[in-house]
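Notes follow once the structure below has been shown.
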Protein chains: 2
Amino acid sequence: MPMIQFRSRPGILDLGWGHPRPELLPVEAWAAASAAASREFGWQQLTYGDARGPAPLLDWLTAHLGDSTPEQLFVTGGASHGLALVASLLAGPGDVILVDSPSYHLAFPIFTDTGATVLRAPADADGVDPAALAEMLDGPRVRLLYLVPTFANPTGRSLPPDRRRALVELARRTGLTIVEDDTYRELCYDGQAPPSLWRLSGGEGVVRVGTFAKTVAPGLRLGWINADPALITRLATLGYVHSGGGVNHSVATTMYCFGASGAYQRHLDAVRAEYRRQRDALVSAVREFLPVEAPGGGWFLWAALPPGVSATHLLARAERHGTSFLPGPSFYVDGAGGDDRIRLCFSQLPPADLAEAAARLGTVLVSPR
Amino acid sequence: MPMIQFRSRPGILDLGWGHPRPELLPVEAWAAASAAASREFGWQQLTYGDARGPAPLLDWLTAHLGDSTPEQLFVTGGASHGLALVASLLAGPGDVILVDSPSYHLAFPIFTDTGATVLRAPADADGVDPAALAEMLDGPRVRLLYLVPTFANPTGRSLPPDRRRALVELARRTGLTIVEDDTYRELCYDGQAPPSLWRLSGGEGVVRVGTFAKTVAPGLRLGWINADPALITRLATLGYVHSGGGVNHSVATTMYCFGASGAYQRHLDAVRAEYRRQRDALVSAVREFLPVEAPGGGWFLWAALPPGVSATHLLARAERHGTSFLPGPSFYVDGAGGDDRIRLCFSQLPPADLAEAAARLGTVLVSPR
């Protein structure tokens with residue numbers, strides 16, 4: 001039985017995993033926050049919590065986010081858990097959930113687990129196309145549209161402002177709910193991230209899922225949902241949420257201490273600088289042999305392969321040369337598309353290793369086999 | 001917004017809440033385990049965990065439980081979460097879930113959340129009646145039978161050995177799955193707890209849900225499921241479990257340290273002694289005016305009221321006299337039954353307060369209004 005999800009493969013500098021670089025996890029600072037939470041809250045950290053999450057964290061998050069009220073917040077066990085909760089409340093067998101193409105591949109099973117049918121939303125290089133989407137809404141029971149509109153996984157791109165406004169307007173008009181996965185918002189490297197759909201919507205037609213997995217640590221299993229107060233009440237009154245006293249009370253109180261002490265902002269500033277260096281290292285190394293857009297945030301490059309090169313075929317050769325990645329088709333719910341693209345993740349390796357991984361990939365691309 | 005679930009009401013010594021006594025929560029020992037886990041596992045405590053739970057905890061639990069293999073284990077976010085996971089995989093709209101009568105009331109919404117119909121299992125004073133149950137299985141699509149067979153909530157009773165064997169046998173023969181909520185097993189006050197249905201079944205036809213909520217702390221949101229390896233694999237490959245790297249990785253690694261250091265056993269011995277004193281205090285105080293069985297474990301007395309006294313009517317009067325409880329009908333899924341019973345919880349108050357609460361209740365029972 002393993003301890004963690006990551007599997008190291010000897011000799012391979014792996015650009016496939018969307019995991020944090022171990023050295024950038026806040027081991028000491030989180031331990032200090034744990035000790036502080038124990039001193040500050042005592043037994044109240046260890047008993048049944050409020051179903052929405054503990055008030056101190058809700059208040060801190062409200063101030064930190066700046067675009068929601070405590071009544072629009074629910075503390076989750078991470079973004080994936082948030083997606084599962086929202087999808088199970090708003091969709092089921094007979095319904096359709098649309099997902100961006102390409103989009104975060106591990107979200108697809110979360111949606112299919114509800115029994116709904118998961119289909120591609122119409123999209124072009126800029127992301128989901130609001131006009132084409134509007135036509136789809138006349139047909140089957142489309143309940144949800146799932147998007148990572150900001151520093152997307154896998155493309156690193158952000159949805160243009162006019163599309164954001166058009167999608168928010170479409171949701172308001174039609175009753176479609178947009179599920180905005182805002183995981184990468186705070187990992188921005190070149191100025192501000194674009195305004196969230198949640199903010200643009202004023203809380204109507206959009207549910208936002210946030211997480212501390214990338215900004216603090218995935219192992220915490222802690223995130224939040226922004227939604228209208230009626231949906232928040234439905235979440236808080238789910239049988240197991242009510243019975244359990246919230247979903248991750250002790251970690252949530254520790255997160256409050258991590259945030260309120262200033263440790264969160266210090267850590268975020270530090271990892272932002274490091275991930276920016278890692279992005280720059282991988283972008284410049286890949287540009288030696290492939291054109292690639294530098295993402296303004298997040299963890300991923302979405303590189304276009306030379307004409308005639310299949311991502312799927314390239315993978316085995318790359319692994320023989322000591323590197324790896326995820327091929328484009330993984331990110332299409334029907335597997336059709338993206339074979340001219342590869343996702344390269346720069347989060348897990350330091351700059352020198354990223355440059356070496358890219359060099360190996362470049363070797364594969366110019367070598368005959 | 002509140003921090004915790006418990007609401008203190010001035011002037012009321014409340015026997016209604018199934019919550020731990022604050023002084024018995026291991027604030028210092030858990031903080032020490034957190035620090036130890038941070039030192040021992042470093043970044044591996046903070047990254048994505050294995051979907052089943054971290055190997056160190058699985059191994060410790062395997063040894064501690066003594067009746068399952070690591071392949072039969074899945075780490076949950078508490079017993080309620082475990083019930084929700086199992087119910088959502090094994091039942092849905094069109095199915096029937098049977099629950100003991102009376103049984104843990106907050107489990108009922110967990111089961112109705114699946115869309116299944118939740119009905120009373122045939123039961124008498126000894127618990128579920130296997131022969132009457134067997135007849136029900138010919139009818140609708142009965143998928144699950146939910147039981148707290150050991151030191152039950154609300155009765156404090158344990159299912160007799162012959163019924164345990166008969167139910168396990170019935171499940172094996174019919175394909176019914178028994179969901180055994182084993183929350184109170186380790187809170188035994190007079191010798192050993194009876195063998196679990198899980199153990200008797202050899203892992204066939206029974207899924208066991210366990211938790212650290214009562215033995216360590218509810219705020220951890222940590223428990224486990226014992227099931228056959230095929231169901232464990234289904235749990236571990238749920239979309240959000242896989243995507244998130246398990247459901248509570250950092251707390252699970254801390255629990256490993258709490259267990260392996262011996263802190264768990266020391267704490268369990270200490271709280272067992274305290275809860276035994278609390279049980280004895282409440283039992284002897286209540287026996288001044290009502291006959292009541294002393295439960296061999298768990299947190300609850302299930303007291304029979306004098307003939308003609310309604311639990312529901314008694315509640316308002318009791319609260320005017322400064323005490324409270326949960327009336328029996330709460331524990332029947334159809335609300336029909338138990339109005340001659342009240343559940344008195346002895347977990348949350350020290351002995352002197354329990355005696356005073358009982359005295360107030362006794363006053364109400366002899367006073368005309």
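These numbers were taken from a predicted model, which means no experiment stands behind them. Chain letters run A, B, ... following the sequence lines, proteins first, then strands; residues in each count from 1.
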Toward chain A, the part of B/Asn248 with a non-hydrogen atom under 4.5 Å: both
For B/Phe108, is it the side chain, the backbone, both or neither that has a heavy atom under 4.5 Å from a heavy atom of chain A? neither
Using a 4.5 Å cut-off on heavy atoms from C-beta on, say whether the side chain of A/Trp43 contacts that of B/Ile4. yes
Max heavy-atom pair count under 4.5 Å with chain A, selected residue of B/Pro56, B/Gly18, B/Ser80: B/Ser80
Chain A contacts, top residue of B/Pro218, B/Ala87, B/Gly245, B/Ala217 (heavy-atom pairs, under 4.5 Å): B/Pro218
Taking B/Pro2, B/Ala84, B/Ala31, B/Ser38 one by one, which has the highest count of heavy-atom pairs under 4.5 Å against chain A? B/Pro2
Inter-residue atom distance A/Tyr240.OH - B/Asp113.CG, 0.5 Å rounding: 9.5 Å
Per-residue contact mode, A/Thr253 against chain B (heavy atom under 4.5 angstrom): side chain
With a 3.5 Å distance limit and no angle check, can you tell me whether A/Gln5 reaches the backbone of B/His242 through a side-chain donor-acceptor pair? yes
Contact check, side chains of A/Pro22 and B/Thr47, non-hydrogen atoms, under 4.5 Å: no
What is the ring orientation for A/His81 with B/His81, classed by angle as parallel under 30°, tilted 30 to 60°, or perpendicular over 60°? perpendicular
Which atoms of A/Gln45 are under 4.5 Å from chain B, going by heavy atoms: the side chain, the backbone, both sets, or neither? backbone
Looking at B/Pro54, B/Gly92, B/Pro109, B/Ser250, which makes the most heavy-atom pairs under 4.5 Å with chain A? B/Ser250
What part of A/Glu23 is in contact with chain B, defined as an atom under 4.5 angstrom from a non-hydrogen atom: side chain, backbone, both or neither? neither
Give the member of B/His249, B/Met1, B/Met3 that has the highest number of heavy-atom pairs under 4.5 Å with chain A. B/Met3
Can you tell me which portion of A/Ala213 sits under 4.5 Å from chain B's heavy atoms? Options are side chain, backbone, both or neither. side chain
Residue A/Leu83 versus chain B: region with a heavy atom under 4.5 Å: neither
Answer with side chain, backbone, both or neither: which region of B/Leu238 has an atom nearer than 4.5 Å to a non-hydrogen atom of chain A? both
Heavy-atom distance under 4.5 Å to chain A: side chain of B/Arg7, backbone, both or neither? side chain
Please classify the contact between B/Pro93 and chain A as side chain, backbone, both or neither, with a heavy-atom cut-off of under 4.5 Å. neither
At a 4.5 Å cut-off on heavy atoms, which part of A/Arg52 comes close to chain B: side chain, backbone, both, or neither? side chain
B/Glu28, part contacting chain A, at a heavy-atom distance under 4.5 Å: neither
Relative to chain B, which of A/Phe111, A/Tyr104, A/Phe6 shows the most heavy atom pairs under 4.5 Å? A/Tyr104
Counting heavy-atom pairs under 4.5 Å with chain A, the top scorer among B/Leu106, B/Ile110, B/Val216, B/Leu46 is B/Leu46
